Colleague: 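The structure under discussion is supplied below as structure tokens; questions concerning it will follow.
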Amino acid sequence: MFFKFAILLFFLIVNFAASEDLGFVYNGFKNAPHLSLDGVADVTENGLLRLTNDTKQRTGHAFYSDRLQFKITGKNSMVSFSTSFVFAIVSEYRGLSGHGIAFVVAPHRELPGALPSQYLGLFNESTNGNITNHVVAVELDTIENSEFDIDNNHVGIDINELKSVKSSSAMYFTSNGNSKNMSLISGEPMLVWIEYDGLKKQLNVTLAPINIPKPDIPLLSLSQDLSTIVNDSVYVGFSSSTGSVLTSHYILGWSFKINGEAQAIDLSRLPKLPRRGPKKKSKMLSIGLPIVVPFFVLVMVFGVFFIIRRKRKFAELIEDWEVNYVTQRFSYKDLYIATKGFKEKGLLGIGGFGKVYKGVLPTSKIQIAVKKVSHDSRQGIREFIAEIVSIGQLRHRNLVQLMGYCRRQGELLLVYDYMPNGSLDRFIFRSSNSASSCSSSPPVLNWTQRFQIIKGVASGLFYLHEGWEQVVIHRDIKASNVLLDAEMNARVGDFGLARLYDRGTNPQTTNVVGTLGYIAPELTRTGKATTSTDVFGFGAFLLEVGCGRRPIELQKSETEEEEEGVILVDWVYSCLSKGGILQTSDPNLKNGYDIEEMELVLKLGLLCSHNDPKARPTMRQVVQYLEKDAPLPQDEMLALEIGDSNLATNVMVTHGESCEDFAMSYPGSVDEVFAGSSSSAVDSLLSGSRS
Ligand SMILES: *[C@@H]1O[C@H](CO)[C@@H](O)[C@H](O)[C@H]1NC(C)=O
Ligand SMILES: *[C@@H]1O[C@H](CO)[C@@H](O)[C@H](O)[C@H]1NC(C)=O
Ligand SMILES: *[C@@H]1O[C@H](CO)[C@@H](O)[C@H](O)[C@H]1NC(C)=O
Ligand SMILES: *[C@@H]1O[C@H](CO)[C@@H](O)[C@H](O)[C@H]1NC(C)=O
Ligand SMILES: *[C@@H]1O[C@H](CO)[C@@H](O)[C@H](O)[C@H]1NC(C)=O
Ligand SMILES: *[C@@H]1O[C@H](CO)[C@@H](O)[C@H](O)[C@H]1NC(C)=O
């Protein structure tokens, strides 16, 4: 009796242990149990798991709702698992889609803070790459993001970040080893198998069309011990995100098994994908025709009238070549709705290139800033758009993200991420110029924040100069072009924009874009912006932040009624040579700063403002100095390096208001403008800005 009981108990225990080797299969998701959805994910009437439902810039998650034990607590060895699923990516346009699907093993079901688009609903820019994510994912990615991806049609294994540890273009291998390409966005259902062997510590991923047996050769095979990455108990499921093209990401069936091979999905039982192409015509027309016709004509007349009016209101300019940029293109109507018709109320500011409006995108509710730049459809707009779009692919935590654009007659609209804290100059030049700011002034930034911002700007600019396949020159670095996000991180805005004005229409004139006080002397001579003209602007920016003053300020001189311009660089330099550089620090800081860092910033500011471009450091060196990885030259050296005669500017502004930003055009050489204190010349420059 006891013996029988013991056997029973034994079986119970064995069974209990075995029940941990969980497995499940969903042949369609109609009334599916144990499914936890969030974001835009839903299950359609016929049982398709729709991770994103024809939306832009959204995420959707679907997880098996129970935690799975992947490791015995305290032990490092991990289970094996195997999963397969059928997916389909159906988009508004054939041949264009975004962004993709990922199979995910994660410690949470919700993936908090995750962003759409290139972040695939997995991470955001601050969590991406952090080992505390404990996330393993297999991505099916349909957009190429220059920071993370190899192409716009690939499968990748992601560990805690979107840059895949292993990836390959979508394809499968036949038994004789030939490869066959596949298109993830074909709209056809496809199968993926993901297998992890806990002993061999190997992860295989295989992709194939639905009508062929599982290929023997996996597409990706990664030898890595996942036990060090994932948590003891995890959630498994899917994450998906859309970008700018309406895309539906579907899972049709899913099978999963711990310590064993996942049961095959019954393809015959899978739900059907929605029909694509034109809808069937209604029979209504033929039946009620005689009655409806007169009424119809009336409606038509009104309809046409309204459509024409509406068309005009929302008219855009689209040319053939822009078909390549569909994903970056916003409709004017969306932007019009987002900004509530570009009302003055939503005006964030007037920058060097145009007015900036705040908006909220209608479907995704994402906050945006829309910059309206006027342009005549001059030549070069095509190259400019190409450049803007390619620059829009730059991703860096210290750059303001360009989301896309829209074009109308004579008008270009650029759509950016919205930066809740506005531009840095509001925080720095609070009291000095109360006339220009209408709202209440924000709090003074303390030194730690300022130094952080400086480092951020340096890092963003360094990325523009060296971090990408193409050198991007900013051309207009200054405090008002540095924006602050919700966490007060510095983000450089308006990069690349100056190019629009740089393409001169009139070969007789050279266009120099920039802001007085930030323009390197050689730029005014050659008209050629380089990375070192950017460094010059950055030098002026450093002094601005350190001293809390603008590069050129007007002060009432003691003797005369007239105002005269004080050149910040000259002043800081003269204090340096008298050994009192710290006197120039922003009085608003009330001496609450790190002396060493303040000195570093001021001296570096001087060094970057050197007259001779060759003597200026590169942004790489600047970052090293700021990170204290390399020491600045000693004081005496610095003094020699900079030298009185090498001081950058000798401009005197002898009257008028402060020097706002402007794009100036001038014929031939401008040396004479900058040589003396010829106020009339400067006047004409200033007035040139108000066009
Ligand atoms: C997508 O899902 C959202 C939220 O569930 C819903 O409001 C919207 O109508 C859906 N759109 C489509 C095209 O089904
Ligand atoms: C990123 O996600 C984390 C949570 O995972 C959140 O705390 C943080 O605010 C998010 N950051 C951004 C920039 O969205
Ligand atoms: C990673 O995330 C943790 C917790 O969210 C945070 O404390 C840490 O600073 C992050 N590390 C990096 C390098 O961002
Ligand atoms: C398959 O795709 C790769 C990469 O996208 C490409 O280089 C190759 O030419 C394609 N092969 C065929 C047969 O289309
Ligand atoms: C991965 O694929 C290789 C090559 O086909 C195979 O030898 C290995 O057993 C596979 N590993 C797993 C975990 O399936
Ligand atoms: C995952 O594991 C890490 C390290 O083992 C632990 O710090 C973290 O709290 C775990 N997360 C969850 C959600 O259990």
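All ligand and atom numbering here is 1-based and tracks the order in the structure. Note that the coordinates shown come from a computational prediction; the quantities given were computed from them, not determined experimentally. Every heavy atom of this structure was used, including side-chain atoms; hydrogens, water molecules and symmetry mates were not.
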Colleague: Is any side-chain heavy atom of D42 less than 4.5 Å from a side-chain heavy atom of L51?
Modeller: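 Side-chain contact under 4.5 Å: no.
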Colleague: Could you say whether the N/O atoms of N181 and ligand 4 ever approach to under 3.5 Å?
Modeller: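 Among all N and O atoms of N181, at least one is under 3.5 Å from an N or O of ligand 4.
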Colleague: Residues in side chain to side chain donor-acceptor pair (under 3.5 Å) with T247, at least two apart?
Modeller: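 T247 satisfies side chain to side chain donor-acceptor pair (under 3.5 Å) with no residue once adjacent residues are dropped.
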Colleague: Using the test salt bridge (Lys or Arg N to Asp or Glu O under 4.0 Å), find all partners of D485 that sit at least two apart in sequence or belong to another chain.
Modeller: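 In terms of salt bridge (Lys or Arg N to Asp or Glu O under 4.0 Å), with neighbours along the sequence ignored, D485 is linked to R491.
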Colleague: Identify the protein atoms, limited to N or O, that lie within less than 3.5 Å of an N or O atom of ligand 2, and list each pair with its distance to 0.1 Å.
Modeller:
{"from": "ligand 2", "atom 1": "2 (O)", "to": "N124", "atom 2": "ND2", "distance (Å)": "2.4"}
{"from": "ligand 2", "atom 1": "5 (O)", "to": "P112", "atom 2": "O", "distance (Å)": "2.9"}
{"from": "ligand 2", "atom 1": "11 (N)", "to": "N124", "atom 2": "ND2", "distance (Å)": "2.9"}
{"from": "ligand 2", "atom 1": "11 (N)", "to": "S126", "atom 2": "OG", "distance (Å)": "3.3"}
{"from": "ligand 2", "atom 1": "14 (O)", "to": "N124", "atom 2": "ND2", "distance (Å)": "3.2"}

Colleague: For the residue pair F103 and L140, establish whether any side-chain heavy-atom pair is separated by less than 4.5 Å.
Modeller: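 They are not in contact (no side-chain heavy atoms under 4.5 Å apart), so the answer is no.
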Colleague: For residues 114-122, run the donor-acceptor check on the side chains, cut-off 3.5 Å, and write out each pair with its distance to 0.1 Å, sequence neighbours left out.
Modeller:
{"from": "S117", "atom 1": "OG", "to": "Q57", "atom 2": "OE1", "distance (Å)": "2.9"}
{"from": "Q118", "atom 1": "OE1", "to": "R395", "atom 2": "NH2", "distance (Å)": "3.4"}

Colleague: Taking 4.0 angstrom as the limit, do K478 and E544 come out as a salt bridge?
Modeller: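 Result for this pair is no, no salt bridge flagged.
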